Amino acid sequence: MAADATPESTLPNTAAETSPDNPWPLQLLSRKLKAHIERAPAAWIEGQVIELNRRGGNAFLTLRDVDAEISLPASVWSTVLDRQRIPLERGSRVVALVKADFWVKTGRLNMSVKDIRPVGLGDLLARIERLRQALAAEGLFADSRKRKLPLLPHRIGLITGRDSDAKKDVLRNAALRWPAVEFDVREVVVQGNTAVAQIIAALRSLDADPHVDVIVLARGGGALEDLLPFSNEDLIRAVAAASTPVVSAIGHEADRPILDDVADLRASTPTDAAKRIVPDVSEELAMVRQARDHLRRSIGRMVDRETDRLHALRSRPVLATPDTMVAARSEDITRLQRRSHAAVSTAVVRALDQVHHLRAQVRALSPQKTLDRGYAVVQMVGEDQAGHTVVSSPAQTPEGTPLAIRVAEGRFRAVSTGQAQLVEH
């Protein structure tokens, strides 16, 4: 009656307009919630049946996410369950078409299963293959993305199950091959709904450690459902984003989770992973010995070859009797010296003859030679009583002119008597 006393038209239209003085009646909120929830479409979901109880024509079940600790209660009509060829059991992996229902009287939200189907092996394989193709199309499996493993890792990160055979195989075989190898082991759940989250957390922790050179994900064999975490898209993308090389060692040779495609190296088994990430110390020592022997032989051959070359050089005449070469050159030098002396002597004699000839010519042309032939040089005596001006004409020496006369053997004085008269015969 209280609700009838309050006309709905006077109530707030939206929840935001309500107030302590003007609230909604509870039934109005319930009707609005029911109308809002019923507008939501049905959705197909995937999960694992962890509880299943039949009560008459109705059944109640609880679905849990396959990769996380999240559960959802739901109800289903028995007629829907009866349509299944194989009865559902606890642990079954299913896909279900669910729709939310709101019960107004009790205010309860119920997930109603309209259809449910078990997920078979073929469905899982088809789903994994579709995911594999989609990730390949993105380039996550390209060879150009794969990193090369270090030749000798100092520390190896190992992600594996708790106290598992895979862990023992990797540790034992790696230690046998290289006793000094170090491991950083992270034990996680490797199957079930918490496996993916734990593996990703361990992977990121090891990838952030600068001392870890390579990371190995190892697990023993199992059914397809047990290996599903290693085909999870979140894990695959986390491996692709890691900066440290990752090795996949999941199951046996026939097992092919998507992790094998994205990993930098795929090992067929955990034992194979140990053999491929560290070298065999005995093989490496053998290779060192072989390298030493090869180097020793190479050096020996080189020394022998150079020794033969030295012997060949020493056996040559020029080195066997080097004085021969010196003697030949000494003879050349002596011969050249004689030729040089002869040439210089000849040149000196020729030059001396020329000097004598020139001297004879000079003497023949000298005034002294003219004087020796009976000629004389007559000069007028100046005030200083020395002869200066050569007399070339009688007119220059009138009578009484003092003269200086030079003949071949000396000088004497004379006085001019004037110009002489020539007597013609």
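Computed from a prediction, not measured in an experiment: that's the story for all the values here.
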- Query: Just checking, is any N or O donor in the side chain of Arg359 or His356 under 3.5 Å from an acceptor N or O on the other one?
  - Reply: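 Present: a donor and an acceptor within the cut-off.
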Ion pair [X]/[Y], N-O distance below 4.0 Å:
X      : Y      : answer
Asp332 : Arg335 : yes
Asp264 : Arg147 : yes
Asp261 : Arg266 : no
Asp272 : Arg276 : yes
Glu46  : Arg127 : yes
Asp260 : Arg132 : no
Arg145 : Asp143 : no
Arg155 : Glu182 : yes
Asp115 : Arg117 : yes
Glu38  : Lys34  : yes

- What's the verdict on side-chain hydrogen bond (donor to acceptor under 3.5 Å, both in side chains) for Asp213 and Thr244, showing C-alpha distance, side-chain angles and the deciding distance? CA-CA 7 Å; Asp213 299 319; Thr244 307; over 6 Å; no
- Would you mind reporting whether Arg237 and Leu135 have side-chain heavy atoms less than 4.5 Å apart?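 Touching, per the 4.5 Å side-chain cut-off.
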- Task: Output the distance between atom OG (Ser92) and atom CZ (Arg90), rounded to the nearest 0.5 Å.
- Result: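 Taking OG in Ser92 and CZ in Arg90, the distance rounds to 11.5 Å.
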- Atom CD in Glu284, atom CH2 in Trp178: separation rounded to 0.5 Å?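 Nearest 0.5 Å value for the CD-CH2 distance: 6.0 Å.
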Restricting to non-hydrogen atoms, name the atom on [X] and the atom on [Y] that form the minimum distance, rounded to 0.1 Å.
X      : Y      : answer
Thr62  : Ser71  : CG2-CB, 4.0 Å
Ile116 : Gln84  : O-NE2, 2.6 Å
Thr160 : Ala218 : OG1-O, 3.2 Å

- Testing Val49, Leu72, Ile50 for side chain to side chain contact (heavy atoms under 4.5 Å, CB included) with Arg64, which one passes?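 Exactly one candidate clears the test, Ile50.
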